[in-house]
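Structure first, commentary second.
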Amino acid sequence: MTSKAKPITPEEALDPSRALVPSIQQVNEVRVQKGFWPKIRRTAARIPFARQVVSVYYSARDPETPTAAKGIMLGALAYFVLPIDAIPDIFAGIGFTDDAAVIAALIATLGANIKRRHKDQADAALERLRDI
């Protein structure tokens, strides 16, 4: 992305008409693959919604999760990973509120796709990060 790139809003990040376009889904998947774990390692201790984000990650990677749900999940995770967003993460206290809103909206609409096993995987992953 260029420095002139316009930040996307939480609503745009979860817009199925954008998230489900195959080329957009592929770009989001690559962004998430490259940036998800480094960002979680840097931020897990500072964000109270780390478990939810990691649960969404595991649900999006699960072959049993419907393709449409995966597309929207990848869009939300890409929004979380991208350094350009509505409220830059460098602002202490409020920097992650937009990311939290995107994840909360995702869970409100697609929460049935996030199974107990995804939450257990998230708990185990966060525990491993704490031990590092």
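With sequence neighbours left out, the salt bridge (charged side-chain N to carboxylate O under 4.0 Å, His left out) criterion links Arg116 to Asp120. With sequence neighbours left out, the side chain to side chain contact (heavy atoms under 4.5 Å, CB included) criterion links Pro48 to no other residue. For Arg117, the side-chain hydrogen bond (donor to acceptor under 3.5 Å, both in side chains) partners two or more places apart in sequence, or in a different chain, are Asp62, Glu64. Residues meeting the side chain to side chain contact (heavy atoms under 4.5 Å, CB included) test with Gln33, sequence neighbours left out: Glu29, Arg61.
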Could you go step by step and tell me if Lys34 and Val81 meet the side chain to side chain contact (heavy atoms under 4.5 Å, CB included) rule? CA-CA 9 Å; Lys34 289 182 178 182; Val81 169; over 6 Å; no
Run the numbers on Leu77 and Asn28 for side chain to side chain contact (heavy atoms under 4.5 Å, CB included), then give the verdict. CA-CA 8 Å; Leu77 291 170; Asn28 285 340; over 6 Å; no
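Between Leu82 and Lys39, the shortest heavy-atom contact is O-NZ, 4.3 Å. Contact record, Val56 with Ile114: CG2-CD1, 3.7 Å, taken as the closest heavy-atom pair. Looking at every heavy atom in both residues, Val102 comes nearest to Ala76 through CG1-CB, 3.5 Å.
Taking the six-membered ring for Trp and thresholds of 30 and 60 degrees, Phe80 and Phe49 have ring planes more than 60 degrees apart, a perpendicular arrangement.
Atom-to-atom distance recorded for Gln25:CD and Thr67:OG1 is 7.0 Å, nearest 0.5 angstrom. Interatomic distance, Asp98 CG to Ile103 CD1, rounded to the nearest 0.5 Å: 10.5 Å. The CD1 atom of Ile72 lies 10.5 Å from the CG atom of Leu74; values are rounded to the nearest 0.5 Å. Atom CG in Leu106 sits 11.0 Å away from atom CD in Gln52 (nearest 0.5 Å).
Listed by first and then second residue, the ring pair (Phe, Tyr, Trp, His ring centres under 6.0 Å) pairs involving residues 102-127 amount to none (not counting sequence neighbours). Sorted by first then second residue, the ring pair (Phe, Tyr, Trp, His ring centres under 6.0 Å) pairs that include residues 22-42, not counting sequence neighbours, are Phe36-Tyr57, Trp37-Tyr57. Among pairs with a residue in residues 65-75, none fulfils salt bridge (charged side-chain N to carboxylate O under 4.0 Å, His left out), at least two apart in sequence or across chains.
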Under 3.5 Å, sequence neighbours excluded: what are the donor-acceptor pairs made by side chains of residues 124-132?
residue : atom : partner : partner atom : Å
Glu127  : OE1  : Arg130  : NH1          : 3.0

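The main-chain N or O of Arg51 is found under 3.5 Å from a side-chain atom of Ser55 such that the two form a donor-acceptor pair.
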